[in-house]
Amino acid sequence: MIRKLQKADINRVADIWLDTNLKSHSFIPAKYWKDNFELVKGMLSQAEVYIYENNQKIQGFIGLNDEYIEGIFVSNEMQSQGIGKILINYVKDKRKKLFLNVYQKNTRAISFYQREDFKVRCSGIDDATGEKDYLMTWQQK
């Protein structure tokens with residue numbers, strides 16, 4: 001089931017955010033993610049966030065800022081089971097176009113987005129981490 005974020009979800013969602021970033025972005029010091037944990041936790045309640053829940057357990061979420069995907073996060077134990085695809089399809093139904101940034105070293109995420117018809121538009125540098133990233137876009141056909 002997909003639903004909007006509720007205040008009671010924030011701790012679980014923030015934990016998924018931290019765990020996923022630590023695992024997927026080992027090329028960025030863990031301190032960066034841990035230092036931003038409370039900030040992100042505070043921002044979640046102001047964001048457009050959709051939760052994927054199964055058996056009353058939150059297993060993933062997607063955050064949007066208008067047409068920009070802030071991130072898709074799936075709990076470690078539930079990755080590669082189609083949850084990310086379900087979440088991205090959910091927001092594709094709500095928008096005519098979407099865009100996002102992804103670290104170039106996160107090849108698994110890049111492959112996922114390419115399978116979901118996102119195209120690399122340009123490369124850049126993430127100011128916060130100094131890491132190279134791609135801007136990827138999707139347009140409804």
Side-chain angles (χ1 to χ4, degrees), residues 1-140:
M1 173 178 105
I2 296 181
R3 61 175 174 78
K4 281 197 123 170
L5 175 82
Q6 298 166 355
K7 285 219 183 296
D9 303 327
I10 288 179
N11 286 336
R12 170 70 177 146
V13 166
D15 287 344
I16 291 172
W17 176 87
L18 181 60
D19 292 344
T20 305
N21 276 314
L22 290 170
K23 183 180 177 208
S24 300
H25 305 120
S26 58
F27 48 89
I28 294 171
K31 182 180 181 346
Y32 172 79
W33 304 112
K34 291 174 183 173
D35 287 352
N36 282 288
F37 181 74
E38 290 302 323
L39 175 70
V40 167
K41 207 168 163 178
M43 291 168 61
L44 283 168
S45 58
Q46 271 86 72
E48 183 179 354
V49 178
Y50 298 98
I51 303 292
Y52 179 89
E53 188 177 57
N54 192 14
N55 297 326
Q56 278 101 40
K57 186 167 167 52
I58 295 170
Q59 297 174 335
F61 71 96
I62 187 168
L64 284 178
N65 183 348
D66 196 23
E67 295 173 334
Y68 184 74
I69 297 176
E70 297 285 355
I72 300 174
F73 301 89
V74 176
S75 64
N76 288 336
E77 66 274 11
M78 297 306 294
Q79 287 188 1
S80 299
Q81 296 189 32
I83 294 171
K85 183 176 181 59
I86 291 166
L87 286 164
I88 208 146
N89 284 337
Y90 185 81
V91 298
K92 281 179 176 178
D93 286 342
K94 296 182 169 303
R95 303 289 193 274
K96 291 190 182 331
K97 58 184 176 180
L98 294 164
F99 63 104
L100 57 87
N101 290 87
V102 60
Y103 292 113
Q104 290 183 20
K105 290 180 183 172
N106 192 351
T107 54
R108 188 172 176 205
I110 293 165
S111 295
F112 166 76
Y113 292 125
Q114 287 173 327
R115 282 194 308 274
E116 298 306 314
D117 295 324
F118 280 74
K119 308 282 186 247
V120 173
R121 293 296 171 214
C122 62
S123 60
I125 302 277
D126 176 39
D127 291 337
T129 62
E131 285 289 331
K132 290 180 183 174
D133 64 5
Y134 289 125
L135 174 68
M136 298 185 78
T137 60
W138 169 85
Q139 186 104 25
Q140 194 176 56

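Values below: every heavy atom of this structure, side chains too, minus hydrogens, waters and symmetry copies.
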Look up atom [atom1] in [X] and atom [atom2] in [Y], then write down how far apart they are to the nearest 0.5 Å.
| X | Y | atom1 | atom2 | answer |
| --- | --- | --- | --- | --- |
| Lys92 | Trp138 | NZ | CH2 | 6.0 Å |
| Phe118 | Gln139 | CZ | CD | 11.0 Å |
| Met1 | Asn55 | CE | CG | 11.0 Å |
| Asp117 | Met136 | CG | CE | 10.0 Å |
| Ile58 | Asp15 | CD1 | CG | 10.0 Å |
| Phe73 | Ser24 | CZ | OG | 8.5 Å |

Are [X] and [Y] packed together at the side-chain level, in the sense that at least one heavy-atom pair is separated by less than 4.5 angstrom?
| X | Y | result |
| --- | --- | --- |
| Lys23 | Thr20 | no |
| Val74 | Ile16 | no |
| Lys4 | Val49 | no |
| Leu87 | Ile2 | yes |
| Thr137 | Leu98 | no |
| Gln104 | Ser123 | yes |

What pairs with [X] under side-chain hydrogen bond (donor to acceptor under 3.5 Å, both in side chains), at least two apart in sequence or on another chain?
| X | value |
| --- | --- |
| Tyr50 | Glu48 |
| Ser45 | none |
| Lys41 | Asn11 |
| Asn54 | none |

Report all side-chain donor-acceptor pairs from residues 26-38 shorter than 3.5 Å, counting only partners two or more places apart or in another chain.
residue: Lys31; atom: NZ; partner: Asp35; partner atom: OD2; Å: 2.6
residue: Asn36; atom: ND2; partner: Tyr32; partner atom: O; Å: 2.8

Show the atom names and distances, to 0.1 Å, of all donor-acceptor pairs under 3.5 Å that link a side chain in residues 106-116 to residues at least two apart or in another chain.
residue: Asn106; atom: OD1; partner: Ala109; partner atom: N; Å: 3.3
residue: Asn106; atom: ND2; partner: His25; partner atom: NE2; Å: 3.3
residue: Arg108; atom: NH1; partner: Gln79; partner atom: OE1; Å: 3.1
residue: Arg108; atom: NH2; partner: Ser80; partner atom: OG; Å: 2.6
residue: Ser111; atom: OG; partner: Thr107; partner atom: O; Å: 3.1
residue: Glu116; atom: OE1; partner: Lys85; partner atom: NZ; Å: 3.3
residue: Glu116; atom: OE2; partner: Lys85; partner atom: NZ; Å: 3.2

*List for me each residue that meets side-chain contact (heavy atoms from CB on, under 4.5 Å) alongside Gln56, sequence neighbours excluded, and say none if there are none.*
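With neighbours one apart ignored, the set is empty.
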_Can you list everything that forms a side-chain contact (heavy atoms from CB on, under 4.5 Å) with Glu77? Sequence neighbours excluded, please._
Arg12, Lys57, Ser75
Pair up each side-chain donor or acceptor in residues 60-71 with any protein partner under 3.5 Å, not counting sequence neighbours, and list the distances.
residue: Asn65; atom: ND2; partner: Glu70; partner atom: OE2; Å: 3.4
residue: Tyr68; atom: OH; partner: Asn101; partner atom: OD1; Å: 2.8

*Residue list, salt bridge (Lys or Arg N to Asp or Glu O under 4.0 Å) with Lys105, at least two apart or on another chain*: Glu131
*Who pairs with Asp9 by salt bridge (Lys or Arg N to Asp or Glu O under 4.0 Å), at least two apart in sequence or on another chain?*
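Only Arg3 meet the salt bridge (Lys or Arg N to Asp or Glu O under 4.0 Å) criterion with Asp9.
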_I need the minimum non-hydrogen distance between Leu44 and Leu5, along with the two atoms involved._
O-CD2, 3.3 Å
*So, does Gln59 use its side chain to make a donor-acceptor pair with the main chain of Tyr52 at under 3.5 Å?*
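No.
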